[in-house]
Amino acid sequence: MLRRLIDTRMGLFLAVLFVVTVAVPVGNLVMAGQPVPSYVVALLGKYMTYALLAVALDLVWGYCGILSLGHGAFFALGGYAMGMHLMREIGTRGVYGDPVLPDFMVFLNWEELPWFWLGFDSFWFAMAMVMLVPGALAFVFGWFAFRSRVTGVYLSIITQAMTYALMLAFFRNEMGFGGNNGLTDFKDILGYDLQADQTRAGLFVAAAIALAAGLLVARYITTSKLGKVLVAVRDAESRTRFLGYRVEGFKLFVFVVSAMMAGIAGAIYTPLVGIINPGEFSPANSIEIVIWVALGGRGTLVGAAIGAIIVALSRTLLTSWFPELWLFVLGGMFILVTLVLPHGVLGAVEQGLRKFRRRRPLVEN
Amino acid sequence: MTSQLYLSGVSKSFDGFKAINNLSLVIDKGELRAVIGPNGAGKTTMMDIITGKTKPDGGEVFWNEKVDLTRLDEADTARLGVGRKFQKPTVIETLSVADNIELALKADRGVLANLLARKTPAQSAEIDRLLELVRLTDERARPAADLSHGQKQWLEIGMLLAQDPELLLVDEPAAGMTDAETMRTADLLRDIAGERSVIVVEHDMHFVQALNCKVTVLHQGHVLAEGSLAHVSADPQVVEVYLGR
Ligand SMILES: Nc1ncnc2c1ncn2[C@@H]1O[C@H](COP(=O)(O)OP(=O)(O)O)[C@@H](O)[C@H]1O
Ligand SMILES: [Mg+2]
């Protein structure tokens, strides 16, 4: 089983991930002079959640051909579910000191907690919602879309419309999710102070573990016989139906799994950055995820994760050096990859290595 | 003797154009039947209707005299035992040749069953046997995209057999094959018939002759003539619309 899941590509990536996951907290918490500053820990943790989100998209797009332009919505819903728990954790420490109501509700003169906020005081309930809410949305959406055989560009457009509609809804104060400010001012998680270095390092490790787990789950799915069916759906959907496979069921399955994975990524993202707001639902966010996957290498899982990290890192560096250039660079990267690297960065690197290996014996002889 | 397939008064229009017009056809169990007719006669549309891809505007389509095929979709009919080979060979290009056969093998088609499925020794043996039969053993590990047009035709025939269907619908199998391959295909289809029912659509007259079976001539979505090849060839109407050209 392990052999099936961990090929060279996956093995190398997990090894590097493991080293980073150990080294970063050690450099931040243990070593004298703190060679790894605290903001870097949070930043790297955030990259990992993006990488997990990219893996989630690659699962549906790379393997099943479902080009979702709304995956940011599942990420944001997971983030909000976690945010709701963190809001309730604040308790009387809010500005208004209300033991039950979050500050923004007191500000809006709400008398009691809306029903959909009930239960979020429990961490485990919130964790369940982190997966169930995105999963349920994906299920309902996919049920209708896949059954009516909406595919290709049309499907992409309605996923984009879905995230846009959610963004508009979450911007409204009456929705009960903090309006355009979103949810913020969190104090602690499971009793640990969110400003403490230890907590931040813990969240970083959680993000790394979630990424590794997400990769392995995705790999389990794609290397199973079901994975072959997904590829068949991607390459020849009609043929697959004539083989007796109920295509909509298979699409629904990966779409829901992928949405849950995106939800988990969002849930770790929220405490790491300290805020979740409706901007996370913006259509542009979802489109950017597609760029990550394409840039890293669609249909490789590991490539998707690498793509997310490359883009996020470039953004961090560029927006501090040349903030006005960032969008052009992002667009440029995408065009470059589509034109020059059809299999993404990972594909190009692996192809280069293969050539190198093939040439070497000739030199030796 | 019960019929495998029974079509009666079937019609289908596309934007007012009658692609299938009051078509009636009965295929016996184990029968081999050739369907010929000029381009646009409605041969492919007929297969679309039998497999549930296209819903007819009217008429009856019955499987084994009891199952109404017009209520089913492609996956249903496939599970029921209808296997289809397309006019344009369609295999799953990025999967290996052996994986193409594996996906076609008769097995549980459920989502969870496929997630947990493990290839049994019996399945591996069956894959080997089919690859041998369609002469693709040496290509088993290559992506199907690498195959020649003729090899893809064979792979698709292999997939069809892997499904273990009761009825095979074979749309222009000889296209892109050499003469020798065409004759081998005819032999294979004759072998298959008897145990299974087979409907073959074909243009190539040598091929139809080699099949040596009852022939149905389709024209403008309607049966023009039916009988032995010699019989329909002698029909003046058939000569006029088809053979005479
Ligand atoms: N989905 C469709 N929409 C519109 N017209 C169609 C469709 N499918 C088939 N037709 C028309 O129906 C007629 C019969 O087509 P077809 O069954 O493919 O013929 P054949 O296979 O005998 O060459 C043709 O004129 C074709 O253009
Ligand atoms: Mg045709």
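These numbers were taken from a predicted model, which means no experiment stands behind them. Quick note on labels: first sequence line is chain A, next is B, and so on, each numbered from 1.
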*Hey, what do you get for CD1 (B:Ile92) to CG (A:Asp235), rounding to the nearest 0.5 Å?*
7.5 Å

_Distance (rounded to the nearest 0.5 Å) between A:Ile221 CD1 and B:Asn114 CG_ = 12.5 Å

_Return the CG to NZ distance between B:Asp108 and A:Lys225, rounded to the nearest 0.5 Å._
8.0 Å

*Please report the shortest heavy-atom distance between A:Tyr220 and B:Leu116, naming the atom on each side.*
OH-CD2, 3.6 Å

*Go through the atoms of B:Ala113 and report whether side chain, backbone, both or neither lie under 4.5 Å from a heavy atom of chain A.*
neither

*Does atom OH of B:Tyr6 have more than 12 heavy-atom neighbours, drawn from other residues, nucleotides or ligands, at distances under 6.0 Å?*
no

*Per-residue contact mode, A:Phe253 against chain B (heavy atom under 4.5 angstrom)*: side chain

*Any chance you could measure B:Lys85, atom NZ, to A:Phe242, atom CZ, to the nearest 0.5 Å?*
12.5 Å

*Basic-acidic side-chain contact under 4.0 Å: A:Lys228, B:Glu102*: yes

*Is A:Leu339 atom CG crowded by more than 12 heavy atoms from other residues, nucleotides or ligands, each under 6.0 Å away?*
yes

*asked:* If you count heavy-atom pairs within less than 4.5 Å of chain A, which of B:Met159, B:Glu156, B:Glu93 leads?
replied: B:Glu156

*Judged by atom type as modelled, is there a donor-acceptor pair below 3.5 Å linking the side chain of B:Arg79 to the main-chain atoms of A:Gly244?*
yes

_Other residues, nucleotides and ligands only: do more than 12 of their heavy atoms fall within 6.0 Å of NZ on B:Lys88?_
no

*Among A:Arg149, A:Arg246, A:Arg239, which one satisfies salt bridge (charged side-chain N to carboxylate O under 4.0 Å, His left out) with B:Glu74?*
A:Arg149

*Heavy-atom distance under 4.5 Å to chain A: side chain of B:Asn100, backbone, both or neither?*
neither

*Specify which of B:Leu80, B:Leu112, B:Asp73 makes the most heavy-atom pairs with chain A at under 4.5 Å.*
B:Asp73

*Is a side-chain N or O of A:Tyr245 found less than 3.5 angstrom from the main chain of B:Leu103, in a donor-acceptor match?*
yes

_Treating B:Arg109 as the side-chain partner and A:Leu243 as the backbone partner, does any N or O pair qualify as donor plus acceptor under 3.5 Å?_
yes

_Pairwise distance CZ(B:Arg118) to OG(A:Ser224) - rounded to 0.5 angstrom_ = 10.5 Å

